[in-house]
Amino acid sequence: MLRRYFITGTDTEVGKTFVTTRLIKYLNQHGTVAMGFKPIAAGAEWIDQQWQNDDARAIMAVNPVQQEYASINPFCFEQPIAPHLAAERPPSVIEVVETVNRSLAQQQDIQVALIEGAGGFLVPLNESESFADLIKPLNAKVILVVGMRLGCISHALLTFEAIQSRGLDVVGWVANQIDPMMSCYAENLATLERLLAAPLLGELKHNAETFEQLTQSL
Ligand SMILES: Nc1ncnc2c1ncn2[C@@H]1O[C@H](COP(=O)(O)OP(=O)(O)OP(=O)(O)O)[C@@H](O)[C@H]1O
Ligand SMILES: C[C@H](N)[C@H](N)CCCCCC(=O)O
Ligand SMILES: [Mg+2]
């Protein structure tokens, strides 16, 4: 049975892609066939006659099975801004979910799908829907990436509250050490462990190539 996880974060540029690529590597090295997807991306270069986004390319580089670019990133917009502003016609939740389901149906052997959002949890998808609205119809559980830097405690708690208020299941959160100079890193981590009502799935050190271990099986 395919398990689906939606990777959200405390903000844009907190390491969702960094964590997603490491999770893909870790899971595949530990016997679980895991593939990553970035259904909607803003910020792209024209490569091989199509717009391609760096996050999607990084994910494809570690995916164990190669699919065509558009299966990993079906909605790609040129400008590196909020996706609903970058898109000429932003997609609906239904369109995104159908497209992801079609890509997943092409791969019978995948056990885990890691689906990266864009920006923080409540980024708009279009005029009336947000990325958060994708999660239930995708049948996904949430992994929250906390970019460990000053300010992350409040961002993590706000994000967590918003996730919980929608009745979504959080499988765990990741402490991603984006700032190697963060003061009182261990104390910040302990505070988050105390205040977030979900398990710490793992810590990802600065510049780490992989997770040392995960506390939950995905
Ligand atoms: N643990 C880490 N160690 C070193 N660099 C990191 C780490 N995590 C993230 N970075 C770097 O920080 C930057 C932002 O990370 P990333 O692109 O993964 O963010 P994101 O949350 O996916 O952003 P977006 O909202 O644009 O998708 C990148 O340059 C990435 O290489
Ligand atoms: C372009 C950027 N790297 C992300 N892909 C999109 C970030 C959208 C943020 C929108 C917002 O919350 O203001
Ligand atoms: Mg990203």
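We count ligands from 1, going down the list as the structure has it; atoms in each ligand are counted the same way.
The single protein non-hydrogen atom nearest to atom 26 (O) of ligand 1 is Thr12 OG1, 3.4 Å, given as residue, atom name and distance. The protein non-hydrogen atom at the shortest distance from atom 8 (C) of ligand 2 is Ala82 CA, 3.9 Å. What sits closest to atom 23 (O) of ligand 1 on the protein, heavy atoms only, is Glu13 N, 3.0 Å. Nearest non-hydrogen protein atom to atom 9 (C) of ligand 2 is Val123 CG2, 4.0 Å. Ranking protein heavy atoms by distance to atom 3 (N) of ligand 1, first place goes to Asn207 N, 2.7 Å. Of the protein's heavy atoms, Asn176 OD1, 2.8 Å lies nearest to atom 1 (N) of ligand 1. What sits closest to atom 19 (O) of ligand 1 on the protein, heavy atoms only, is Gly15 N, 3.1 Å. Taking atom 4 (C) of ligand 2 as the reference point, the nearest protein heavy-atom neighbour is Thr12 OG1, 3.7 Å.
When non-hydrogen atoms are compared, ligand 1 lies under 4.0 Å from the backbone of Gln177 (N, CA, C, O) but not from its side chain. Using a 4.0 Å cut-off between heavy atoms, Lys38 contacts ligand 1 through its side chain alone, with no backbone atom that close. Of the heavy atoms in Asp55, only side-chain atoms (C-beta onward) come closer than 4.0 Å to ligand 1. Contacts of Ile81 with ligand 2, taken as heavy-atom pairs under 4.0 Å, involve the backbone alone.
Sparse packing is recorded around CD of Glu161, with 12 or fewer heavy atoms of other residues, nucleotides or ligands lying under 6.0 Å away. Counting heavy-atom neighbours within 6.0 Å of Lys141 NZ, excluding the residue itself, gives a total of 12 or less. Counting non-hydrogen atoms of other residues, nucleotides and ligands closer than 6.0 Å to CG of Leu158 gives a total above 12.
For Asn139 and Arg3, the side-chain atoms include no donor-acceptor pair closer than 3.5 Å. Counting only N and O atoms by type, the side chains of Tyr185 and Glu203 include a donor and acceptor under 3.5 Å apart.
Gln107 contributes no side-chain N or O that, together with a main-chain N or O of Leu104, makes up a donor-acceptor pair within less than 3.5 Å. Side-chain atoms of Asn63 come within 3.5 Å of backbone atoms of Gly36 as a donor-acceptor pair (strictly under, hydrogens ignored). The backbone N or O of Val93 sits less than 3.5 Å from a side-chain atom of Glu129, completing a donor-acceptor pair. Side-chain atoms of Ser103 come within 3.5 Å of backbone atoms of Ser71 as a donor-acceptor pair (strictly under, hydrogens ignored).
A salt bridge links Asp11 to Arg149: one of the charged nitrogens lies within less than 4.0 Å of a carboxylate oxygen. Ionic pairing of Lys205 and Glu212 is not present here: no N-O contact between side-chain nitrogen and carboxylate oxygen is shorter than 4.0 angstrom.
Considering backbone and side-chain atoms alike, Phe18 places an N or O below 3.5 Å from some N or O of ligand 1. Remark: ligand 1 and Ile178 share no N or O pair separated by less than 3.5 Å (distance only, no angle test). In terms of polar-atom proximity, Gly119 is counted as a contact of ligand 1, with an N or O under 3.5 Å from an N or O of the ligand.
Taking backbone and side chain together, Thr12 holds no N, O or S atom under 2.8 Å from the Mg ion (ligand 3). Among the atoms of Glu13, none of the N, O or S atoms falls under 2.8 Å from the Mg ion (ligand 3).
When the N, O or S atoms of Glu116 are ranked by distance to the Mg ion (ligand 3), OE2 comes first. The Mg ion (ligand 3) is closest to atom OD2 of Asp55 (considering only N, O or S atoms).
When each atom of ligand 2 is checked for a heavy atom of Ala42 under 4.0 Å away, the hits are 1 (C), 5 (N). Residue contact check: Glu116 has heavy atoms under 4.0 Å from atoms 22 (O), 27 (O) of ligand 1. Each of the following atoms of ligand 2 lies closer than 4.0 Å to a heavy atom of Pro80: 1 (C).
For atom 12 (O) of ligand 2, the nearest protein heavy atom lies under 4.0 Å away. The nearest protein heavy atom to atom 29 (O) of ligand 1 is not closer than 4.0 Å.
From Leu144, atom CG reaches atom CD1 of Ile7 across 10.0 Å, with rounding to the nearest 0.5 Å. Between the CD atom in Gln67 and the CZ atom in Phe37 there is a gap of 5.0 Å [rounded to 0.5 Å].
A cation-pi geometry, defined here as NZ or CZ lying under 6.0 Å from the six-membered ring centre and within 45° of its normal, holds between Arg22 and Phe18.
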